[in-house]
Amino acid sequence: QVQLIESGGGLVQAGGSLRLSCAASGRTFSTYTLGWFRRAPGKEREFVARIGRSGIIIYYADSVKGRFTISRDNAKNAMYLQMNSLKPEDTAVYYCNRLLPGTSTVVPGGSWGQGTQVTVSS
């Protein structure tokens with residue numbers, strides 16, 4: 001079972017930046033399509049961004065396009081989300097997970113971690 005652990009959240013003022021990390025266990029990290037999701041208070045969890053195995057194929061939700069950058073370092077078994085120009089509506093718990101290749105669908109049985117809280121003050 002692959003374990004993914006999110007970190008890097010915090011409290012930041014609107015317009016600020018944060019960098020989230022997703023660390024993974026296992027030797028097959030480079031074979032995973034990965035994604036970031038978030039759940040805002042009182043809302044359903046939503047897709048934020050995804051990245052293919054080699055880091056070339058990248059896709060963003062419209063709400064974060066141009067402000068967030070997803071990346072990965074397969075040598076370190078890690079994925080990142082650089083978040084710039086943060087807005088109060090970005091406030092949420094952010095999660096990472098494995099995805100089915102070419103999709104924003106979590107793999108069957110893909111468990112959710114505890115996530116990392118991002119709070120953006122106005």
(Q) Quick check: closest heavy atoms across R98 and L4, and the distance to 0.1 Å? (A)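 What the structure gives for the nearest pair is N-CD1, 3.8 Å.
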Q) Counting distance only, does the side-chain N/O of N97 pair as donor-acceptor with the main-chain N or O of G35 below 3.5 Å? A)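 Checking the backbone N and O of G35 against the side chain of N97, no donor-acceptor pair under 3.5 Å is found.
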Q.
I'd like to know if the side chain of T105 reaches the main chain of L100, judged simply by a donor and an acceptor atom lying under 3.5 Å from each other, with no hydrogens or angles considered.
A.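 No: the side chain of T105 does not pair with the backbone of L100.
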Could you tell me which residues satisfy side chain to side chain donor-acceptor pair (under 3.5 Å) with [X], sequence neighbours excluded, listed by chain and number?
| X | answer |
| --- | --- |
| K43 | none |
| S30 | none |
| N77 | none |
| R53 | none |

List the atom pairs, with distances to 0.1 Å, where a side-chain N or O of residues 6-22 and a protein N or O form a donor-acceptor pair under 3.5 Å, not counting sequence neighbours.
residue, atom, partner, partner atom, Å
E6, OE1, G115, N, 3.1
E6, OE2, C96, N, 3.0
S17, OG, N84, OD1, 2.9

Q) How about T91 and Q117: do any of their side-chain heavy atoms sit closer than 4.5 Å? A)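 Side chain of T91 against side chain of Q117, heavy atoms only: contact under 4.5 Å found.
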Q: If a pair satisfies salt bridge (Lys or Arg N to Asp or Glu O under 4.0 Å) and one of its residues is in residues 66-75, list it, with sequence neighbours excluded.
A: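 Sorted pair list: R67-D90.
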Q. In Å, rounded to the nearest 0.5 Å, how long is the span from OG of S25 to CD of Q3?
A.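 Between S25 OG and Q3 CD, I get 5.5 Å after rounding to 0.5 Å.
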Same apolar cluster: [X] and [Y], side chain cutoff 4.5 Å:
| X | Y | value |
| --- | --- | --- |
| L34 | I57 | no |
| V93 | V64 | no |
| V48 | Y59 | no |

Q | Counterpart residues, ring-ring contact (aromatic ring centres under 6.0 Å, His included), relative to Y60 (two or more places apart) | A |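 Partners of Y60 under the ring-ring contact (aromatic ring centres under 6.0 Å, His included) test: none.
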Among pairs that include at least one residue of [range], which meet ring pair (Phe, Tyr, Trp, His ring centres under 6.0 Å), considering only residues two or more places apart or in two chains?
| range | answer |
| --- | --- |
| residues 61-84 | none |
| residues 4-25 | none |
| residues 6-41 | F37-F47, F37-W112 |

**Q.** For E46, all residues meeting salt bridge (Lys or Arg N to Asp or Glu O under 4.0 Å), sequence neighbours excluded
**A.**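 Partners of E46 by the salt bridge (Lys or Arg N to Asp or Glu O under 4.0 Å) criterion, ordered by chain and then number, come out as R38.
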Q: Check side chain to side chain contact (heavy atoms under 4.5 Å, CB included) between R39 and all other residues, then give those that pass, not counting sequence neighbours.
A: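 Once residues adjacent in sequence are excluded, the partners of R39 under the side chain to side chain contact (heavy atoms under 4.5 Å, CB included) criterion are R45, Y95.
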